[in-house]
Amino acid sequence: MYYSKLFIPTLKQSPTDAEVVSHKLMVRAGMIRQMAAGIYSILPLGLRVQRKVEQIIREEMDRIGGQEVFLPSVQPAELWQESGRWELYGKELLRMKDRHDREFCYGPTHEEVITDIIRREIKSYRQLPLLTYQIQTKFRDEVRPRFGIMRGREFMMKDAYSFHADETSVQVMYENMKQAYSNIFRRCGLDFKMVEADSGTIGGSFSHEFMVLADSGEDAVAFCDTCDYASNVEKAAARVPEKIAPPKEMEELNKIPTPGQKSVEAVAKFLKVSPQQIVKTLIMENEDGLVAGLVRGDRQINPIKLKNLIGCDWLHSADEALIFSKTKIPCGFIGPVALDMKIYVDHEVAGMHNFVTGANNKDAHYTGVQFSRDIKAAQVGDLHEVQEGDPCPKCDGGHYQVKRGIEVGHIFILGTKYSSSMKAHFLDEHGKENSMIMGCYGIGVGRTAAAAVEQNHDDKGIIWPVPLAPFQVVVIPVKFEEDSQRTACEETYKILGDLGIETLLDDRPERLGVKFKDSELLGIPLQIIIGPKNLENGQIEIKSRKTGASELIDFPAGLQDIPNRLKSA
RNA sequence: CGGGGCGUGGCGCAGCCUGGCUAGCGCACCUGCUUUGGGAGCAGGGGGUCGGAGGUUCAAAUCCUCUCGCCCCGACCA
């Protein structure tokens, strides 16, 4: 393509509302423009990159037997009511009515739609398994869209759905999918990790996320420094503590005045004990009212673990006013002793003795609290969030490391969650009716591109991994107006085209510096610079975006080597 | 949804507190001349009515009220 014909509106300065590098650089490179909060237009250069990601995804999906479909983005409410998600999905579901006042939503995901199609058409185990996928725009009315294309409300997603007659089959698919996803992200040139994950509102029994490691990531990934266990921190298991022998002296419960000492740090300092000797009581709210979670004073409670332990639909921390109105206890002094609600206890706390808790009175704490004697636990389980340095739950001697990650892919085994509520049944080889077993598998397409920028940039701009680059080579004439250079450029362009290389020819009447700056901003892996002096010697210059290294090659013979050079660019 | 911040040509900003001439600057854009291996120089030029509505005032970008939008920090998600 000729640069002068392309719509690539580059910017010298990044817009003030862009926070993360990928957002800044993608706007500056003229790839995207914002329309509204979390809603972006993809401009030609951005689309070229998006198509690259899509193509890689298609190839890997097809390789494991996926069949591409294209499902409606506007979906009737009835389907969602059937699965129960019309209510459950909440405000994130963009709802609308047509002229007949019938309710619809803009699809945030497509389990309902695909399940509906499959249940109508698939009746026999002979037709299973089946894997479908699509690449399509989704809309989720996020509470807080941010970071440009990384977390938009409207975004491009690859979503795949599989249907199976039995558990073994879905597990085979799941393993294939792990491999396919790994291939995809590896081919995109990303440094990623596959981690265990919570399945969230999509539901289901088993799931993994694919995380691109980057400081700007919104998730935290915990992984063992010794074995290969890796998990989203929201799911990462804590090692079950060794049984601690009870101390010789079991102290009695003792109420001590602690005026104004509300935080763990304050209480620890005031009573001259370590935070590890204090037990925090966190009050949470769910559909049944208030519940309490107990973790050691130096720990953070993990609400997802608590939610999963209880098995409730939703759970979040209760606000102070609500707690006070129900319990008449001010925050900071709540404790588990004789507390009138269900109490869930972290297994670390269950092994503790002689600890400190709130006394359920303003300005007072208990010391000498004993778990077995003083606390009526509804259940004991793994409730605290793991931290860097914590022991690995899967191997001896390993310790957790924690890093930030961008979730670019997420795969789930759904089981029969949707097939049973929506009656997607089939007849097995004994003529017996069963619910299909399902899996679903998503990739954020735009997010993958953004993540690639997060991982591959410098102060000059983007450094695209070759497979995602909008063009692999940019030809930069020192002065395009001069006949000899123009001819050489055009010849180069043609030769590279014949070699199957996507080439951008910067034919603009700009000064050389401008062309360099733009090509660096755009992140094109290889520059070919054609200038008068080198040309007189029958040479042209090639320069790597990543390393900045440049060398002279013979013109035109040296061009035949470009495909090779791109492999290592 | 709670907390904070910001809306002034395409982009980045100043002006606002202490109302007052044709609303200013850098970049970008147009024209001309000079320049030309790293975002050129000079000269000339076009474009905004200050997010919107209402109010106070002789006078509002500036003060007041309401409203809309966007961004950032927290709970959700590809």
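Within every chain, numbering begins at 1; the chains are lettered A, B, ... in the order of the sequence lines, protein sequences first and strands thereafter.
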inquiry  = Need one value for Gly409(A): base, sugar-phosphate or nothing, where a base atom within 4.0 Å counts as base even if backbone is also close, heavy atoms only.
reply    = sugar-phosphate
Here the distance between atom P of G37(B) and atom CD of Glu536(A), to the nearest Å, is 14 Å
So what does Ser14(A) touch, heavy atoms closer than 4.0 Å: a base, only the sugar-phosphate, or nothing? sugar-phosphate
Regarding the side chain of Glu218(A), the nearest nucleotide among C76(B), C73(B), C70(B) is C76(B)
Here the distance between atom P of A78(B) and atom CD of Glu209(A), to the nearest Å, is 8 Å
Taking G74(B), G37(B), G39(B) as options, the one with an atom nearest any side-chain atom of Arg146(A) is G74(B)
| task | Find out whether Gln300(A) and His384(A) are in side-chain contact, i.e. whether some heavy atom of one side chain is under 4.5 Å from a heavy atom of the other. | result | no
Side chain to side chain contact (heavy atoms under 4.5 Å, CB included) with Trp464(A): of Val49(A), Ile524(A), Asn456(A), only one passes, and it is Val49(A)
Distance-only donor-acceptor test (3.5 Å): side chain Gln485(A), base G37(B): no
- Message: What's Glu92(A) touching, base or sugar-phosphate or nothing? Going by heavy atoms closer than 4.0 Å.
- Response: sugar-phosphate
Taken to the nearest whole Å, CZ/Arg28(A) to P/A28(B) is 13 Å
The Watson-Crick or G-U wobble partner of C21(B), with both key distances under 3.5 Å, is none
Looking across every strand, which nucleic acid part, if any, lies under 4.0 Å from Asp518(A) by heavy atom: base, sugar-phosphate, or nothing?
base
Result for 5'-nearest mapping on RNA chain B, choosing between Phe210(A) and Pro145(A), is Pro145(A)
* Examine the base of G38(B) for any acceptor or donor lying under 3.5 Å from a partner atom in the side chain of Glu520(A), and report the outcome as yes or no. => yes
Can you tell me how far P in C66(B) sits from the matching atom in G24(B), rounded to whole Å? 32 Å
Checklist line | Presence of donor-acceptor pair under 3.5 Å, side chain of Lys517(A) and base of G37(B) | finding: no
message = Evaluate Arg565(A) against Glu551(A) for salt bridge (charged side-chain N to carboxylate O under 4.0 Å, His left out), listing each step before the verdict.
response = CA-CA 12 Å; Arg565(A) 290 172 185 271; Glu551(A) 63 180 294; 2.8 Å; yes
Mind checking the C1' distance from C1(B) to C11(B)? Whole angstroms is fine. 33 Å
- Message: Base, sugar-phosphate or nothing for Gly513(A)? Non-hydrogen atoms, less than 4.0 Å.
- Response: sugar-phosphate
Is there, by distance only and without an angle test, a donor paired with an acceptor across the side chain of Glu510(A) and the base of G39(B) below 3.5 Å?
no
If pairing means Watson-Crick or G-U wobble with both distances under 3.5 Å, then the partner of G26(B) is C11(B)
Q) Should Lys12(A) be listed as having a side-chain N or O under 4.0 Å from OP1 or OP2 of A28(B)? A) yes
Pairwise P distance for C21(B) and G32(B), with rounding to whole Å = 37 Å
When rounded to whole Å, the CD1 to P distance for the pair Ile530(A) and U36(B) reads 21 Å
Item checked: Separation between the C1' atoms of A23(B) and G48(B), rounded to whole Å -> 9 Å
In Watson-Crick or G-U wobble terms, with both distances under 3.5 Å, the base opposite U65(B) is A53(B)
Partner of G2(B) under the Watson-Crick or G-U wobble criteria, both distances under 3.5 Å, comes out as C73(B)
- Counting only side-chain N and O atoms of His316(A), is one of them less than 4.0 Å from OP1 or OP2 of A75(B)? no
- Query: When all nucleic acid strands are considered with a 4.0 Å heavy-atom cut-off, which category describes Phe480(A): base, sugar-phosphate, or nothing?
  - Reply: nothing
- Query: Ignoring hydrogens and angles, are the base of C1(B) and the side chain of Arg144(A) linked by a donor-acceptor pair under 3.5 Å?
  - Reply: no
From the list Asn308(A), Leu306(A), Asp288(A), side chain to side chain contact (heavy atoms under 4.5 Å, CB included) partner of Leu315(A) resolves to Leu306(A)
Lys91(A) NZ to G2(B) C1', in whole Å, measures 13 Å
Point to revise | Between C72(B) and U67(B) - P atom distance, rounded Å | key: 24 Å
Phosphate OP1/OP2 of U36(B) contacted by Arg511(A) side-chain N/O (<4.0 Å): no
As its Watson-Crick or G-U partner within any shown strand, both distances under 3.5 Å, C33(B) has G41(B)
Aromatic rings Tyr40(A) and His23(A): how do their planes relate, parallel, tilted or perpendicular, breaks at 30° and 60°? perpendicular
- A78(B) base stacked by Phe155(A)? Criteria: ring centres under 5.5 Å, plane angle under 30°. yes
Under 3.5 Å, is there a donor-acceptor pair between the side chain of Arg28(A) and the main chain of Lys12(A)?
yes
Out of C71(B), C11(B), C73(B), minimum distance to the side chain of Gln13(A) belongs to C11(B)
* Do we get Lys193(A) above Phe210(A)'s six-membered ring, with its NZ or CZ under 6.0 Å from the centre and within 45° of the axis? -> no
Rounded to whole Å, the CG-P distance (Leu521(A) to C27(B)) equals 19 Å
For this session: Would you kindly check if the NZ (Lys) or CZ (Arg) of Arg447(A) is within the cone defined by 45 degrees around the ring axis of Phe155(A) and under 6.0 Å from the six-membered ring centre?
Result: no
Exercise. Has the side chain of Asp17(A) got a donor or acceptor atom sitting under 3.5 Å from an opposite partner on the base of C6(B)?
Worked result: no
Point to revise | Donor-acceptor contact below 3.5 Å, side chain Ser231(A) vs main chain Ala236(A) | key: yes
By the 4.0 Å heavy-atom rule, please label Ile529(A) as base, sugar-phosphate, or nothing. base
Taking atom P in both U56(B) and A61(B), what distance in whole Å separates the two? 16 Å
Here the distance between atom C1' of C76(B) and atom CZ of Arg447(A), to the nearest Å, is 11 Å
field: Integer angstrom distance from the P of A40(B) to that of A28(B)
entry: 7 Å
Gln134(A) CD to A78(B) P, in whole Å, measures 14 Å
ask   = If only side-chain N and O atoms of Thr16(A) are considered, is one of them under 4.0 Å from the OP1 or OP2 phosphate oxygen of C13(B)?
value = yes
Could Arg95(A) and Trp80(A) be counted as a cation-pi pair, given that NZ or CZ must be under 6.0 Å from the ring centre and within 45° of the axis? no
Q. Under 4.0 angstrom, heavy atoms only, what part of the nucleic acid is Gly30(A) near: base, sugar-phosphate, or nothing?
A. nothing
The Watson-Crick or G-U wobble partner of A59(B), with both key distances under 3.5 Å, is none
Next on the checklist: In whole Å, measure the gap between the P atoms of C30(B) and U8(B) for me.
Outcome noted: 24 Å
* What is the nucleic acid contact for Ala36(A), judged by heavy atoms within less than 4.0 Å: base, sugar-phosphate only, or nothing? -> sugar-phosphate
**Prompt:** How would you label the contact of Glu541(A) with the nucleic acid (heavy atoms, under 4.0 Å): base, sugar-phosphate, or nothing?
**Reply:** base
Residue pair Arg151(A)/Lys543(A) against RNA chain B: nearer the 5' end by closest nucleotide is Lys543(A)
Taking A40(B), C76(B), C1(B) as options, the one with an atom nearest any side-chain atom of Val143(A) is C1(B)
(Q) What contact category does Asn232(A) fall into here, base, sugar-phosphate, or nothing, at under 4.0 angstrom with non-hydrogen atoms? (A) nothing
